[in-house]
Undergrad: 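Handing you a structure now.
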Amino acid sequence: MKIFVTGGTGYIGSHTVVELQQSGYDVIIADNLVNSSIDVLDGIEKITGIRPEFEEIDLTDRAATRDFFVRHSDIKAVIHFAALKAVGESVHKPLEYYFNNLNSLMNVLDSMREFQVPNLVFSSSCTVYGQADVLPVTEKTPRHEAESPYGNTKVMSEDIIRDLMKVESKMNALALRYFNPIGAHPSAYIGELPNGVPNNLIPYLTQTAIGIREQLSVFGDDYNTPDGSPLRDYIDVVDLAKAHVVAIRRLLEGKNKANYEFFNIGTGKGLSVLEIIHAFENATGVKVNYKIVGRRAGDIEKVWADTTLANTELGWKAATPIEETMKNVWKWQQSLR
(Lines give C-alpha, C1' and ligand atoms only; values in the text may rest on other atoms or scores of the structure.)
Protein backbone atom coordinates (compact mmCIF):
# COMPACT_ATOMS: atom_id res chain seq x y z
CA MET A 1 0.00 0.00 0.00
CA LYS A 2 1.56 3.27 -1.14
CA ILE A 3 1.68 6.43 0.98
CA PHE A 4 2.61 9.80 -0.53
CA VAL A 5 4.74 11.86 1.87
CA THR A 6 5.12 15.51 0.90
CA GLY A 7 8.23 17.14 2.35
CA GLY A 8 9.52 13.65 3.05
CA THR A 9 13.21 14.57 3.01
CA GLY A 10 12.62 17.10 5.77
CA TYR A 11 13.22 16.55 9.45
CA ILE A 12 9.92 15.07 10.60
CA GLY A 13 9.09 13.71 7.15
CA SER A 14 12.23 11.59 6.89
CA HIS A 15 11.70 10.01 10.31
CA THR A 16 8.09 9.28 9.39
CA VAL A 17 9.18 7.63 6.13
CA VAL A 18 11.41 5.32 8.17
CA GLU A 19 8.55 4.34 10.49
CA LEU A 20 6.17 3.82 7.56
CA GLN A 21 8.63 1.57 5.75
CA GLN A 22 9.35 -0.39 8.89
CA SER A 23 5.58 -0.87 9.27
CA GLY A 24 5.32 -2.38 5.78
CA TYR A 25 4.10 0.59 3.73
CA ASP A 26 5.48 1.63 0.36
CA VAL A 27 6.43 5.31 0.32
CA ILE A 28 6.88 7.92 -2.38
CA ILE A 29 8.30 11.33 -1.48
CA ALA A 30 7.94 14.71 -3.17
CA ASP A 31 10.07 17.59 -1.92
CA ASN A 32 11.48 20.78 -3.44
CA LEU A 33 14.62 20.45 -1.25
CA VAL A 34 14.40 24.11 -0.19
CA ASN A 35 15.21 23.17 3.40
CA SER A 36 16.49 19.61 3.11
CA SER A 37 18.98 17.49 1.18
CA ILE A 38 18.65 14.63 -1.26
CA ASP A 39 21.30 12.87 0.86
CA VAL A 40 18.56 12.15 3.40
CA LEU A 41 17.47 9.30 1.12
CA ASP A 42 20.80 7.61 1.81
CA GLY A 43 20.15 7.79 5.55
CA ILE A 44 16.67 6.34 5.19
CA GLU A 45 18.01 3.50 3.08
CA LYS A 46 20.73 2.73 5.62
CA ILE A 47 18.13 2.37 8.36
CA THR A 48 15.42 0.43 6.52
CA GLY A 49 17.26 -1.20 3.62
CA ILE A 50 14.75 0.41 1.27
CA ARG A 51 15.29 3.53 -0.80
CA PRO A 52 11.97 5.34 -1.10
CA GLU A 53 10.78 6.67 -4.43
CA PHE A 54 11.51 10.37 -4.74
CA GLU A 55 10.57 13.24 -7.06
CA GLU A 56 11.77 16.82 -6.77
CA ILE A 57 8.59 18.87 -7.10
CA ASP A 58 7.42 22.29 -5.95
CA LEU A 59 3.89 21.63 -4.74
CA THR A 60 2.97 25.30 -5.10
CA ASP A 61 3.02 24.52 -8.83
CA ARG A 62 -0.50 23.29 -9.50
CA ALA A 63 0.25 21.68 -12.86
CA ALA A 64 3.29 19.83 -11.51
CA THR A 65 1.29 18.60 -8.52
CA ARG A 66 -1.53 17.34 -10.72
CA ASP A 67 0.92 15.64 -13.05
CA PHE A 68 2.42 13.82 -10.09
CA PHE A 69 -0.98 12.37 -9.15
CA VAL A 70 -1.63 11.43 -12.79
CA ARG A 71 1.55 9.35 -12.82
CA HIS A 72 0.98 7.76 -9.41
CA SER A 73 -2.53 6.39 -9.44
CA ASP A 74 -1.78 3.78 -6.76
CA ILE A 75 -1.48 6.27 -3.86
CA LYS A 76 -3.89 5.40 -1.04
CA ALA A 77 -3.11 8.19 1.42
CA VAL A 78 -1.12 11.41 1.79
CA ILE A 79 0.87 12.74 4.72
CA HIS A 80 1.37 16.45 4.11
CA PHE A 81 4.49 17.91 5.72
CA ALA A 82 5.65 20.27 2.96
CA ALA A 83 5.72 23.77 4.47
CA LEU A 84 7.99 26.54 5.62
CA LYS A 85 8.12 26.25 9.40
CA ALA A 86 10.27 28.81 11.22
CA VAL A 87 8.20 31.01 13.53
CA GLY A 88 10.69 33.90 13.69
CA GLU A 89 11.38 33.90 9.96
CA SER A 90 7.67 33.95 9.18
CA VAL A 91 7.30 37.26 11.04
CA HIS A 92 9.77 38.81 8.60
CA LYS A 93 8.58 36.92 5.50
CA PRO A 94 4.81 36.63 5.91
CA LEU A 95 3.90 36.62 2.23
CA GLU A 96 6.36 33.83 1.45
CA TYR A 97 4.85 31.71 4.24
CA TYR A 98 1.25 32.28 3.19
CA PHE A 99 2.04 31.62 -0.46
CA ASN A 100 4.02 28.45 0.12
CA ASN A 101 2.08 26.81 2.92
CA LEU A 102 -1.43 27.47 1.66
CA ASN A 103 -0.90 26.93 -2.05
CA SER A 104 0.92 23.65 -1.57
CA LEU A 105 -1.87 22.33 0.64
CA MET A 106 -4.64 23.41 -1.71
CA ASN A 107 -2.90 21.92 -4.73
CA VAL A 108 -2.49 18.60 -2.95
CA LEU A 109 -6.11 18.59 -1.79
CA ASP A 110 -7.35 19.50 -5.26
CA SER A 111 -5.46 16.59 -6.80
CA MET A 112 -6.57 14.21 -4.05
CA ARG A 113 -10.17 15.11 -4.78
CA GLU A 114 -9.78 14.79 -8.55
CA PHE A 115 -7.96 11.45 -8.44
CA GLN A 116 -9.97 10.01 -5.54
CA VAL A 117 -7.18 9.65 -3.01
CA PRO A 118 -9.34 9.58 0.11
CA ASN A 119 -7.04 9.87 3.14
CA LEU A 120 -4.94 12.77 4.46
CA VAL A 121 -2.83 13.17 7.57
CA PHE A 122 -1.94 16.83 8.02
CA SER A 123 1.12 18.17 9.83
CA SER A 124 -0.38 20.81 12.10
CA SER A 125 0.97 22.56 15.17
CA CYS A 126 0.21 23.61 18.71
CA THR A 127 0.66 27.17 17.42
CA VAL A 128 -3.03 27.04 16.47
CA TYR A 129 -3.80 27.52 20.18
CA GLY A 130 -1.78 30.73 20.45
CA GLN A 131 -1.20 31.62 24.07
CA ALA A 132 -3.90 29.51 25.69
CA ASP A 133 -5.74 30.87 28.74
CA VAL A 134 -5.67 27.49 30.49
CA LEU A 135 -2.86 24.92 30.43
CA PRO A 136 -2.35 22.19 29.47
CA VAL A 137 -4.22 22.52 26.19
CA THR A 138 -6.74 19.91 25.16
CA GLU A 139 -8.36 19.45 21.77
CA LYS A 140 -11.29 21.44 23.19
CA THR A 141 -9.08 24.42 24.01
CA PRO A 142 -10.24 27.37 21.86
CA ARG A 143 -7.88 28.38 19.11
CA HIS A 144 -6.58 31.89 19.69
CA GLU A 145 -5.27 34.38 17.21
CA ALA A 146 -1.93 33.07 15.99
CA GLU A 147 1.19 34.81 17.23
CA SER A 148 3.00 34.46 13.88
CA PRO A 149 2.28 34.11 10.17
CA TYR A 150 3.57 30.53 10.40
CA GLY A 151 1.02 29.76 13.10
CA ASN A 152 -1.69 31.45 11.09
CA THR A 153 -0.95 29.26 8.08
CA LYS A 154 -1.62 26.24 10.28
CA VAL A 155 -4.91 27.73 11.49
CA MET A 156 -5.95 28.53 7.93
CA SER A 157 -4.82 25.14 6.65
CA GLU A 158 -6.91 23.35 9.26
CA ASP A 159 -9.90 25.47 8.26
CA ILE A 160 -9.40 24.66 4.58
CA ILE A 161 -9.25 20.94 5.34
CA ARG A 162 -12.26 21.08 7.68
CA ASP A 163 -14.38 22.92 5.15
CA LEU A 164 -13.46 20.54 2.34
CA MET A 165 -14.28 17.51 4.47
CA LYS A 166 -17.76 18.94 5.05
CA VAL A 167 -18.56 18.58 1.35
CA GLU A 168 -16.36 15.60 0.41
CA SER A 169 -17.96 12.74 2.31
CA LYS A 170 -15.68 10.12 0.72
CA MET A 171 -12.54 11.88 1.94
CA ASN A 172 -11.03 11.67 5.43
CA ALA A 173 -8.51 13.92 7.14
CA LEU A 174 -6.70 13.78 10.44
CA ALA A 175 -4.63 16.70 11.73
CA LEU A 176 -1.83 16.07 14.21
CA ARG A 177 -1.11 19.16 16.28
CA TYR A 178 2.57 18.78 17.13
CA PHE A 179 4.17 20.36 20.09
CA ASN A 180 7.99 20.81 19.77
CA PRO A 181 9.77 18.00 17.90
CA ILE A 182 13.41 17.45 18.84
CA GLY A 183 16.02 14.72 18.64
CA ALA A 184 17.30 12.41 15.92
CA HIS A 185 17.07 8.78 14.90
CA PRO A 186 19.10 6.56 17.29
CA SER A 187 21.13 5.32 14.32
CA ALA A 188 22.40 8.88 13.69
CA TYR A 189 21.70 8.35 9.98
CA ILE A 190 19.01 11.05 9.89
CA GLY A 191 18.26 14.08 12.05
CA GLU A 192 17.53 17.78 11.89
CA LEU A 193 19.87 19.58 9.50
CA PRO A 194 18.37 22.83 8.17
CA ASN A 195 20.06 24.65 5.32
CA GLY A 196 21.93 27.74 6.54
CA VAL A 197 21.56 29.12 10.05
CA PRO A 198 19.13 27.05 12.15
CA ASN A 199 15.89 28.66 13.31
CA ASN A 200 15.06 25.92 15.80
CA LEU A 201 16.54 25.52 19.28
CA ILE A 202 18.13 22.08 19.18
CA PRO A 203 20.17 22.28 15.96
CA TYR A 204 21.46 25.71 17.03
CA LEU A 205 22.28 24.27 20.46
CA THR A 206 24.19 21.28 19.08
CA GLN A 207 25.98 23.41 16.50
CA THR A 208 27.05 25.72 19.32
CA ALA A 209 28.17 22.79 21.46
CA ILE A 210 30.34 21.42 18.66
CA GLY A 211 31.80 24.84 17.75
CA ILE A 212 30.02 25.69 14.50
CA ARG A 213 28.12 28.54 16.18
CA GLU A 214 29.75 30.86 18.67
CA GLN A 215 26.86 31.27 21.06
CA LEU A 216 23.24 30.20 21.57
CA SER A 217 20.71 32.96 22.24
CA VAL A 218 17.94 32.34 24.75
CA PHE A 219 15.13 34.68 23.76
CA GLY A 220 13.89 36.14 27.03
CA ASP A 221 14.24 35.39 30.74
CA ASP A 222 11.32 37.50 31.95
CA TYR A 223 8.41 35.24 31.04
CA ASN A 224 6.01 33.93 33.67
CA THR A 225 7.74 30.55 33.89
CA PRO A 226 9.82 28.95 36.68
CA ASP A 227 13.14 30.23 35.30
CA GLY A 228 11.84 33.03 33.06
CA SER A 229 12.62 31.34 29.74
CA PRO A 230 9.88 30.18 27.35
CA LEU A 231 8.37 26.80 28.17
CA ARG A 232 7.36 24.15 25.62
CA ASP A 233 6.35 20.51 25.31
CA TYR A 234 9.35 18.86 23.63
CA ILE A 235 8.63 15.53 21.91
CA ASP A 236 11.15 13.09 20.47
CA VAL A 237 10.91 13.04 16.68
CA VAL A 238 10.76 9.23 16.52
CA ASP A 239 7.78 9.20 18.89
CA LEU A 240 6.18 11.84 16.69
CA ALA A 241 6.88 9.83 13.53
CA LYS A 242 5.20 6.79 15.05
CA ALA A 243 2.07 8.87 15.65
CA HIS A 244 1.78 9.31 11.87
CA VAL A 245 1.82 5.57 11.30
CA VAL A 246 -0.96 5.18 13.85
CA ALA A 247 -2.92 8.00 12.16
CA ILE A 248 -2.53 6.51 8.67
CA ARG A 249 -3.60 3.09 9.90
CA ARG A 250 -6.66 4.62 11.57
CA LEU A 251 -7.79 6.17 8.28
CA LEU A 252 -6.98 3.19 6.08
CA GLU A 253 -8.82 0.82 8.41
CA GLY A 254 -11.82 3.15 8.65
CA LYS A 255 -11.56 3.52 12.42
CA ASN A 256 -11.91 7.31 12.39
CA LYS A 257 -15.09 8.54 14.08
CA ALA A 258 -15.53 11.53 11.75
CA ASN A 259 -14.07 12.44 8.39
CA TYR A 260 -12.11 15.26 10.04
CA GLU A 261 -10.35 14.69 13.37
CA PHE A 262 -7.46 16.36 15.20
CA PHE A 263 -5.18 15.28 18.05
CA ASN A 264 -2.51 16.84 20.26
CA ILE A 265 0.84 15.09 19.88
CA GLY A 266 3.20 15.87 22.74
CA THR A 267 4.55 14.47 26.00
CA GLY A 268 2.13 16.20 28.35
CA LYS A 269 5.01 17.89 30.16
CA GLY A 270 6.53 21.34 29.77
CA LEU A 271 10.24 22.12 29.82
CA SER A 272 11.82 25.56 29.59
CA VAL A 273 14.56 26.52 27.14
CA LEU A 274 17.05 26.66 30.01
CA GLU A 275 15.93 23.23 31.24
CA ILE A 276 16.52 21.85 27.75
CA ILE A 277 20.03 23.31 27.69
CA HIS A 278 20.81 21.79 31.09
CA ALA A 279 19.30 18.44 30.04
CA PHE A 280 21.65 18.39 27.05
CA GLU A 281 24.63 19.26 29.23
CA ASN A 282 23.74 16.57 31.77
CA ALA A 283 23.16 13.89 29.14
CA THR A 284 26.33 14.57 27.14
CA GLY A 285 28.76 16.19 29.55
CA VAL A 286 29.21 19.04 27.05
CA LYS A 287 28.75 22.65 28.14
CA VAL A 288 26.81 25.04 25.92
CA ASN A 289 27.84 28.68 25.51
CA TYR A 290 24.57 30.61 25.74
CA LYS A 291 23.39 34.11 26.58
CA ILE A 292 20.07 35.67 27.48
CA VAL A 293 18.77 38.15 24.93
CA GLY A 294 15.50 39.97 24.37
CA ARG A 295 12.24 38.28 23.50
CA ARG A 296 11.71 37.13 19.90
CA ALA A 297 8.70 38.28 17.89
CA GLY A 298 6.10 35.56 17.40
CA ASP A 299 7.06 33.48 20.43
CA ILE A 300 4.47 32.51 23.01
CA GLU A 301 5.22 32.30 26.71
CA LYS A 302 4.36 28.69 27.52
CA VAL A 303 2.39 25.78 26.16
CA TRP A 304 2.18 22.07 26.76
CA ALA A 305 -0.25 19.37 25.80
CA ASP A 306 -2.92 17.31 27.43
CA THR A 307 -2.38 14.13 25.39
CA THR A 308 -5.23 12.11 26.90
CA LEU A 309 -7.21 11.93 23.66
CA ALA A 310 -4.26 10.72 21.57
CA ASN A 311 -3.29 8.25 24.29
CA THR A 312 -6.76 6.74 24.58
CA GLU A 313 -8.25 7.14 21.11
CA LEU A 314 -5.16 6.56 18.97
CA GLY A 315 -3.42 4.21 21.39
CA TRP A 316 -0.26 6.29 21.01
CA LYS A 317 1.99 7.72 23.69
CA ALA A 318 5.37 9.47 23.75
CA ALA A 319 7.91 7.11 25.28
CA THR A 320 11.44 8.48 24.84
CA PRO A 321 13.09 10.05 27.93
CA ILE A 322 14.58 13.52 27.40
CA GLU A 323 18.05 12.20 28.31
CA GLU A 324 17.91 9.64 25.50
CA THR A 325 16.68 12.29 23.09
CA MET A 326 19.64 14.50 23.95
CA LYS A 327 22.15 11.67 23.54
CA ASN A 328 20.68 10.82 20.13
CA VAL A 329 20.77 14.41 18.89
CA TRP A 330 24.40 14.80 20.01
CA LYS A 331 25.33 11.53 18.29
CA TRP A 332 23.69 12.91 15.13
CA GLN A 333 25.58 16.21 15.35
CA GLN A 334 28.88 14.40 15.83
CA SER A 335 28.20 12.21 12.78
CA LEU A 336 28.14 15.33 10.59
CA ARG A 337 31.84 16.13 11.12
Side-chain angles (χ1 to χ4, degrees), residues 5 7-23 36 40 43-44 47-48 79 81 85 121 123-127 136-137 176-194 198-207 209 230-248 263-284 286 288 303-311 314-336:
V5 180
T9 56
Y11 174 43
I12 304 170
S14 61
H15 287 80
T16 300
V17 170
V18 166
E19 297 301 321
L20 287 168
Q21 289 183 332
Q22 291 181 331
S23 297
S36 62
V40 169
I44 294 172
I47 297 168
T48 67
I79 303 181
F81 292 106
K85 63 182 182 66
V121 173
S123 167
S124 191
S125 169
C126 65
T127 57
V137 295
L176 298 180
R177 292 175 174 172
Y178 312 159
F179 282 67
N180 285 62
I182 60 172
H185 195 271
S187 67
Y189 289 138
I190 57 174
E192 187 172 11
L193 183 62
N199 284 292
N200 290 342
L201 171 61
I202 295 300
Y204 208 109
L205 185 157
T206 58
Q207 288 186 17
L231 188 146
R232 304 286 184 268
D233 187 334
Y234 293 94
I235 177 173
D236 189 278
V237 67
V238 175
D239 289 337
L240 175 58
K242 290 177 179 178
H244 292 80
V245 179
V246 172
I248 280 290
F263 296 89
N264 290 339
I265 304 297
T267 67
K269 179 183 179 181
L271 292 172
S272 73
V273 172
L274 290 175
E275 286 177 319
I276 285 290
I277 293 171
H278 298 324
F280 174 84
E281 292 177 333
N282 291 335
T284 65
V286 179
V288 178
V303 65
W304 69 94
D306 182 324
T307 60
T308 302
L309 187 65
N311 299 159
L314 295 181
W316 168 92
K317 189 174 184 178
T320 308
I322 189 66
E323 295 80 11
E324 184 177 337
T325 298
M326 292 303 175
K327 289 177 181 178
N328 288 339
V329 78
W330 184 232
K331 183 180 176 183
W332 160 249
Q333 180 65 67
Q334 290 177 306
S335 76
L336 299 174

Undergrad: For the pair Val137 and Phe179, evaluate side-chain contact (heavy atoms from CB on, under 4.5 Å) and give the outcome as yes or no after the intermediate values.
TA: CA-CA 11 Å; Val137 295; Phe179 282 67; 3.4 Å; yes
Undergrad: The criterion is side chain to side chain contact (heavy atoms under 4.5 Å, CB included); which residues satisfy it with Pro230, sequence neighbours excluded?
TA: Tyr223, Arg232, Val273
Undergrad: Looking at every non-hydrogen atom in both residues, tell me the closest pair between Met326 and Ala283 and how far apart they are.
TA: CB-CB, 3.8 Å
Undergrad: In Å and rounded to the nearest 0.5 Å, what is the CG to CG distance from Leu314 to Leu176?
TA: 7.5 Å
Undergrad: Tell me, please, which residues at least two apart from Glu19 pass side chain to side chain donor-acceptor pair (under 3.5 Å).
TA: none
Undergrad: Which heavy atom of Pro136 sits nearest to which heavy atom of Asp306, and what is that distance?
TA: CB-N, 3.6 Å
Undergrad: Could you tell me whether the side chain of Tyr234 reaches within less than 4.5 Å of the side chain of Thr267, counting heavy atoms only?
TA: no
Undergrad: Ile322 and Ala279: which non-hydrogen atoms are nearest, and at how many Å?
TA: CG1-CB, 4.2 Å
Undergrad: Gln22 side chain to Thr48 main-chain N or O, any donor-acceptor pair under 3.5 Å?
TA: no
Undergrad: Please lay out, stage by stage, how Val18 and Tyr189 fare under the test side-chain contact (heavy atoms from CB on, under 4.5 Å).
TA: CA-CA 11 Å; Val18 166; Tyr189 289 138; over 6 Å; no
Undergrad: Can you list everything that forms a side chain to side chain donor-acceptor pair (under 3.5 Å) with Ser187? Sequence neighbours excluded, please.
TA: His185
Undergrad: Gly13 and Val5: which non-hydrogen atoms are nearest, and at how many Å?
TA: O-CG1, 4.4 Å
Undergrad: Could you please spell out the steps behind the side-chain contact (heavy atoms from CB on, under 4.5 Å) verdict for Glu323 and Asn282?
TA: CA-CA 8 Å; Glu323 295 80 11; Asn282 291 335; over 6 Å; no
Undergrad: My understanding is that only residues two or more places apart in sequence, or in another chain, count here; which of them pass side chain to side chain donor-acceptor pair (under 3.5 Å) with Tyr178?
TA: Ser123, His244
Undergrad: Going by side chain to side chain donor-acceptor pair (under 3.5 Å), name the residues that satisfy it together with Asn200, two or more places apart in sequence or in a different chain.
TA: Glu192
Undergrad: Quick check: does any side chain N or O of Asp233 sit under 3.5 Å from a backbone N or O of Ala305, one acting as donor and the other as acceptor?
TA: yes
Undergrad: For the residue pair Cys126 and Asn180, what are the closest heavy atoms and their distance?
TA: SG-OD1, 4.4 Å
Undergrad: Output all residues satisfying side chain to side chain contact (heavy atoms under 4.5 Å, CB included) with Ser36, sequence neighbours left out; order by chain, then residue number.
TA: Thr9, Asp31, Leu33
Undergrad: If you measure from CD1 on Ile235 to NZ on Lys269, what distance do you get to the nearest 0.5 Å?
TA: 14.0 Å
Undergrad: Under 3.5 Å, is there a donor-acceptor pair between the side chain of Ser272 and the main chain of Glu275?
TA: yes
Undergrad: Apply side-chain contact (heavy atoms from CB on, under 4.5 Å) to residues Thr206 and Phe280 and explain how you reach the verdict.
TA: CA-CA 9 Å; Thr206 58; Phe280 174 84; 4.0 Å; yes
Undergrad: So do the side chains of Leu336 and Leu193 get within less than 4.5 Å of each other, counting heavy atoms only?
TA: yes
Undergrad: Please give me the minimum heavy-atom distance between Pro186 and Val238, naming the atom from each residue.
TA: CD-CG2, 4.1 Å
Undergrad: Side-chain contact, heavy-atom cut-off 4.5 Å: Ile265 with Leu240?
TA: yes
Undergrad: Do Ile79 and Leu20 touch side chain to side chain, with heavy atoms closer than 4.5 Å?
TA: yes
Undergrad: Taking the side chain from Asn328 and the backbone from Gly183, do they hold a donor-acceptor pair closer than 3.5 Å?
TA: no
Undergrad: What distance separates Gln21 CD from Thr16 OG1, expressed to the nearest 0.5 Å?
TA: 11.5 Å
Undergrad: Any side-chain to backbone donor/acceptor pair from Tyr11 onto Ile182? Under 3.5 Å, distance only.
TA: yes
Undergrad: Please round to the nearest 0.5 Å and tell me the distance separating atom CG of Asn264 and atom CH2 of Trp304.
TA: 13.5 Å
